[in-house]
Amino acid sequence: MRTFFLFLSRQKHLRKWMETSRWARQLAARFVAGDNLPDALATCQRINAEGITVTLDHLGENVTSLEEAEASRDAYMQALTEITKQGIHGNVSLKLTQFGMDLSLDACRANVEALVRQAAELGNFVRIDMESSEYTDRTLDLVTYLHSQYKATGTVIQAYLRRSRKDVEMLSARGIRVRLCKGAYLEPASVAFPHKADVDRNYIELANLLLESGVYPAIATHDERIIEQTKQFVASRKISRDSFEFQMLYGIRRDIQKRLVNEGYRLRIYVPYGQAWYPYFMRRLAERPANVFFLVRNLLRS
Ligand code: FDA
C-alpha cells in the first residue's frame, strides 16, 4: 500500500484533478491548515496558544518554471514577514525543488539565499526539508554553504537512508541543526533500509547521537516507542529539555502532542498550507493507509 500511494503521489493527472476538486480538498483539510497564508497564520496562533511552536510550509515541490520558483520564494518571504509582524513563535520549512532545484542550481541558490538572508536579519530560521535521495547531496551542499554565510538555516536527515550516520556527523561537526525523520519517499534498497525495524533501529541510534553531540536537534516522529526511548535517554544523560525539541505534523496524533506539552517538553508542529497539497497529502496516506477509510467515513458523515 505504501508503494501504491507513493506511486500515486507522482501522477500528474490525478494531482490536477484532486487539487481542483472541492471534495478532495475537504479530505486534505485534516492535514493541511488552509489554502492561504492568513488561514495558516490563524492556525499558528491557535497552536502557539497551546504552548507549541510552529514551522510553516508553503506547499509545493518540483516546480516546472523559474517564475513559479520565484513566486515560492516571495510567498515564503511574505510568510516570514507576517510571522514577525504577528509575533508568532515559528519559523519556515521549504523544499528545494520548490525553489527551482530541478531547473537551475544557481537560480535555486539565489532564491533560497534571499530567504535565508531575510531570516538572519529577522533573527529567524529556515529549515530545508529533505526530498528523495537524488537530491540529498545537492541539498547538503547548499545547506552547508548557506549556513557558512548566514547561520540561520538547518536541514533534515532521513533515518531510512544508509548514508545518514555520515551526514549527521558532518552536519553536527559544522554546528548545523538537524531535524531527524524516518523518510517519506520511495527509495531502492540500495540506498534505503527496506525493513521498518532497521529504519527504527537506525532512527534511535541517530537520535541518541544528535542528542549527545548535535545542535538543538529536532526529533520528528509520531512513533510512541521512539518518543519514550528519547525521554529515557535524555533523562539518563541529564540532557536539558531546552536543548532539543520534538516535532510532529499538523493533524497527526494530537493525543501525543498534548501529552508532551503537559509533561514540559518542547514541541513544534509542521503546518502546511497552500493549494499544491496533493503530493504531501498522498505521502500522509502512504504512511498510514487506514487514513483513507477514516477520511472517507468522516466525509460521508458530514
Ligand atoms: P511511523 O510511520 O512508524 O508511525 C508511527 C505512528 O505514528 C503510527 O503508528 C501512527 O500512529 C502515527 N502516524 C504516522 N504517520 C501517520 C499519518 N500519516 N497519519 C496518521 N497517523 C500517523 N520526511 C521526509 O522525507 N523529509 C522531510 O523533510 C520530512 N519532514 C518532516 C517533518 C516533521 C515535523 C515530521 C513529523 C515528519 C517529517 N517527514 C519528512 C515525514 C517522516 O519522514 C515520516 O514519513 C512521518 O513522520 C511518519 O513516520 P513516523 O516517524 O511518525 O513513524
Side-chain angles (χ1 to χ4, degrees), residues 1-3 5-6 9 27-28 30-33 47 52-57 59-61 90-98 101 126-136 139-140 143 153-161 163-164 167 177-187 191-193 195-204 206-207 217-230 244-257 259-260 266-272 277 279-295 298:
M1 280 297 254
R2 177 175 187 270
T3 312
F5 280 111
L6 291 178
S9 75
L27 281 184
R30 174 175 162 200
F31 301 113
V32 177
I47 294 173
I52 303 173
T53 57
V54 294
T55 185
L56 260 184
D57 167 33
L59 288 163
E61 51 203 86
N91 56 38
V92 294
S93 290
L94 64 87
K95 294 187 172 39
L96 290 179
T97 63
Q98 184 183 10
M101 175 89 111
V126 176
R127 177 81 63 178
I128 314 282
D129 286 349
M130 193 57 79
E131 301 177 67
S132 65
S133 60
E134 67 178 292
Y135 301 109
T136 311
T139 301
L140 294 178
V143 168
T153 190
T155 191
V156 179
I157 291 294
Q158 297 152 323
Y160 67 10
L161 291 188
R163 59 178 286 169
S164 286
D167 294 334
R177 276 159 65 170
V178 170
R179 170 201 295 152
L180 183 65
C181 68
K182 289 192 185 177
Y185 297 82
L186 203 51
E187 299 290 356
V191 299
F193 299 109
H195 300 297
K196 181 172 162 47
D198 293 323
V199 178
D200 290 356
R201 180 191 41 75
N202 200 36
Y203 192 107
I204 291 172
L206 297 180
I219 306 302
T221 183
H222 317 89
D223 187 326
E224 288 192 89
R225 200 176 63 87
I226 292 181
I227 292 170
E228 282 312 311
Q229 196 282 336
T230 302
F244 73 100
E245 65 185 29
F246 287 107
Q247 292 191 358
M248 294 193 195
L249 301 176
Y250 175 75
I252 298 184
R253 296 302 306 257
R254 292 272 300 140
D255 54 336
I256 312 181
Q257 295 177 14
R259 204 185 314 145
L260 283 174
R266 290 191 177 191
L267 174 65
R268 186 180 301 274
I269 299 296
Y270 187 101
V271 180
W277 49 263
Y280 179 87
F281 176 64
M282 294 309 271
R283 287 197 292 275
R284 302 297 75 85
L285 297 187
E287 283 154 5
R288 192 161 176 268
N291 280 337
V292 177
F293 305 110
F294 288 117
L295 290 175
N298 289 345

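One-based numbering, in listed order, for ligands and for the atoms of each.
Contact shell of ligand 1 (protein heavy atoms, cutoff 4.0 Å): R30, D129, M130, V156, Q158, R179, C181, K182, G183, A184, Y185, K196, A220, T221, H222, D223, Q247, M248, L249, I252, R253, Y270, R284, E287, R288, N291.
In this structure V178 satisfies the side-chain contact (heavy atoms from CB on, under 4.5 Å) test together with I157, L171, L210, sequence neighbours excluded. Considering only residues two or more places apart in sequence or on other chains, A207 meets the side-chain contact (heavy atoms from CB on, under 4.5 Å) condition with L180, Y203, I219. Taking the salt bridge (charged side-chain N to carboxylate O under 4.0 Å, His left out) definition, one finds that E224 meets it with R253, R259, sequence neighbours left out.
Ring pair F31/F281 is tilted by interplanar angle, where 30° to 60° counts as tilted.
Side chains of R179 and S93: a donor-acceptor N/O pair is present below 3.5 angstrom, by distance only.
Salt bridge annotation for K95-E61: absent, with no cationic side-chain nitrogen under 4.0 angstrom from a carboxylate oxygen.
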